[in-house]
**Q** 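Right, I'll just put the structure down here and ask away after.
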There are 2 protein chains.
Amino acid sequence: MLDIRWLEDFIVVAETRNITKAAELRNVTQSGLSRRIQSLENWAGAPLIDRRHAPLELTEAGHKLLDVANEALGRLNGIRRTIREDQNERLRSIRFAAPHILSVTFFPRWLLAIQAKLGSTRLSVTSDNLPGCASLFEDGGVDFVVCLVDANGAILRGAGRPLVIERCASISIGKERLIPLSAPAADGKPLHWLDLNPRLSTSYLAYSRECSLGWAVEDLIARRPDLVQLHSLYDNSLADGLRTMALAGLGVAWLPLTTTHNDIIRGKLVRTGDPQLAIDLDVRLYRPAQRLAKKAEELWSRLTTEGLGALLGPAAFPPDIATTIHAEDVQTLRR
Amino acid sequence: MLDIRWLEDFIVVAETRNITKAAELRNVTQSGLSRRIQSLENWAGAPLIDRRHAPLELTEAGHKLLDVANEALGRLNGIRRTIREDQNERLRSIRFAAPHILSVTFFPRWLLAIQAKLGSTRLSVTSDNLPGCASLFEDGGVDFVVCLVDANGAILRGAGRPLVIERCASISIGKERLIPLSAPAADGKPLHWLDLNPRLSTSYLAYSRECSLGWAVEDLIARRPDLVQLHSLYDNSLADGLRTMALAGLGVAWLPLTTTHNDIIRGKLVRTGDPQLAIDLDVRLYRPAQRLAKKAEELWSRLTTEGLGALLGPAAFPPDIATTIHAEDVQTLRR
DNA sequence: CTCGCATCATGCGAATTTCGCATCGCAGAC
DNA sequence: GTCTGCGATGCGAAATTCGCATGATGCGAG
């Protein structure tokens, strides 16, 4: 009924005041442009151009329409351009959503590695809690979700409602381990003990309700009747906040090995409890069923075919960590 | 490239969140609407609708475009409606342009007469000075120009530049006569004389430069060497302003017979000078070469074929005016 | 006044686009 | 599982649009 090209044509005609010249500028024949202007006049319901004299003049209706056409076209073309730019950005970039902790522990190294492999690609990481990441992913706001999951599935179930990513294809791209740590006493032994006297209540530094790491820890505690005497005096939604509390000697916290190995090496934090109390976590990357943008598909394909080592490069942790922490932990890190 | 119907479609889809239902509302098939939305998405350069779940959801790009589409469509359809209304008004009405004096003397009666003959028709009269009327006419702002012209053509030439109406078809639809009038002295004779003593300077009440009636009077004065001693102490752009001055005894003015016959009958104004000093004017209606709207063409056709009497009806002036003013003037009025 | 030039409108056949019908694919409900 | 609702798509018909050639008109030079 109304093609916006007619409006563009009309604007050019109003500027040149000559249909033939305007036709050249618009890359159509004079007859074509003449008819398009007629179509526009037919749409408007009134003559827009006074053709009696050369150069052409706009009628009153023409002037009115010209104003509106300029503004409407400007807005429409403007939104078109921004949409295309956004889309372009989206197609060339790979967007991840991940819980806050991974922005600190995992992504800094991993992004560097895949940047090197994929060449110049814009990478963006959005941090949120796990349900937030999942819904962003569901809405197509990101290409992948990367998160830490435990073998028991406590983390995926912990959100209360089913998460989309449960039914999505995924691949393991790293390891993590939560270890119960305490500041040392003067003698180098833990200030707080998990396995000393079952009747002695131990201060436990908990993750906040919304932090998915906490769901794994709570799951572990629920399975171990010998740990019921733990009571949490403090909680914190960030692992690094808990680490600071543990360093200050406020209690025992299950902290990620990747953020605490330096503390362990330097003796600022020491492990407590038996080795069974460590929680092994997978860093898993989830993708949607539908096809992704080119770069994102390329990443997925290389992750699944080439394996992780090719992308991750040399071990992420210094070897001397083996001398100060449990041998099993070191193996985890090297895997 | 972008049909605004696509935007209308998109708005309806955004409201119904269901392409099939939107298709019914838009009176197209589901497949047609589906493809139109695809066309719009192709234009925008990004998906606008998330079709994965029912009901449909707009993408971020979709929401952005929806806002702009609503506004742009509102403006475009708004201007379209006003243009159509204006045009409709224009086609159903007959628009005249005329010098100010005719709005007072001629149109009140004449409009009544043609209204009765043409049936319900919107009639509009725009008053301006003669050049203004002519340019309004040239721009198509009015259908007809009605003006007073003298036999010598002084009025048509008086504008300084050639007027379009000079080369237009026209028809005489009335008469007018300018008569030199003065307030009477106590004895009933004119207070100011045009023909008494050539050496006696007489106060002359002139029309302003822009008033076309003045051009006819000036032309007459220039032809009559015996009138050179006239000097204008006052001038006024409106004939009625001059009449008031004349009634106050300020001098002699060439005034339209139609506005002064009551003054003459009642002896408030008396004629001065010899009968040759009257100026006969034609009320002429001018039409453009191009075709006019239906109603306007109908008026022209009836004016040219049926003559004026049929439209003008009985004589416009009371018969007793014959007893108090020159017989010749009465004939003019009765004609 | 006539001619030539510039300009816009229009008839016509070809190319392109759009439409509706029928069908397919997919997802959710029962 | 089947059934149902919904959107996408292949295909041929219909409508629209386009370019070419030509006609009509106005303006200025000779």
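Below, chains carry the letters A, B, ... as their sequence lines are ordered, and counting in each starts from 1.
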**Q** Hey, is D143(A) close enough to K295(A) for a salt bridge, meaning N to O under 4.0 Å?
**A** no
**Q** Near R209(B) CZ, under 6.0 Å, is it more than 12 heavy atoms from other residues, nucleotides or ligands?
**A** no
**Q** Rounded to whole Å, how long is the line connecting atom CD of E41(B) with atom C1' of dA8(D)?
**A** 12 Å
**Q** For nucleotides 3-7 of chain D, which of its nitrogen or oxygen atoms have a protein nitrogen or oxygen under 3.5 Å away, and what is each distance?
**A**
| from | atom 1 | to | atom 2 | distance (Å) |
| --- | --- | --- | --- | --- |
| dC6(D) | OP1 | N18(B) | ND2 | 3.3 |
| dG7(D) | OP1 | I19(B) | N | 2.8 |
| dG7(D) | OP2 | N18(B) | OD1 | 3.3 |
| dG7(D) | OP2 | I19(B) | N | 3.2 |
| dG7(D) | OP2 | T20(B) | N | 2.8 |
| dG7(D) | OP2 | T20(B) | OG1 | 2.6 |

**Q** Starting at atom CG of D50(A), determine the distance to atom P of dG26(D), rounded to an integer number of angstrom.
**A** 12 Å
**Q** May I ask you to evaluate whether R5(A) reaches the phosphate of dT17(D), defined as a side-chain N or O under 4.0 Å from OP1 or OP2?
**A** no
**Q** Which label fits F144(A) and W300(A): parallel for a plane angle under 30°, tilted from 30 to 60°, or perpendicular past 60°?
**A** parallel
**Q** Of all the heavy-atom pairs spanning L292(A) and E297(A), show the shortest one and how long it is.
**A** N-OE2, 2.8 Å
**Q** Between D282(A) and S172(A), does a side chain to side chain donor-acceptor pair (under 3.5 Å) hold up when you go through it step by step?
**A** CA-CA 6 Å; D282(A) 240 6; S172(A) 171; 3.3 Å; yes
**Q** Go through the steps to decide whether N88(A) and R92(A) satisfy the test side chain to side chain donor-acceptor pair (under 3.5 Å), and finish with yes or no.
**A** CA-CA 6 Å; N88(A) 199 27; R92(A) 290 178 189 281; 3.3 Å; yes
**Q** Let me know the distance between CH2 of W6(A) and P of dT16(D), rounded to the nearest Å.
**A** 10 Å
**Q** Which nucleotide span of DNA chain C, 5' end to 3' end, has atoms closer than 4.0 Å to non-hydrogen atoms of chain A?
**A** dT7(C) to dC12(C)
**Q** Would a line drawn from the ring center of F137(B) to the ring center of Y286(B) be shorter than 6.0 Å?
**A** no
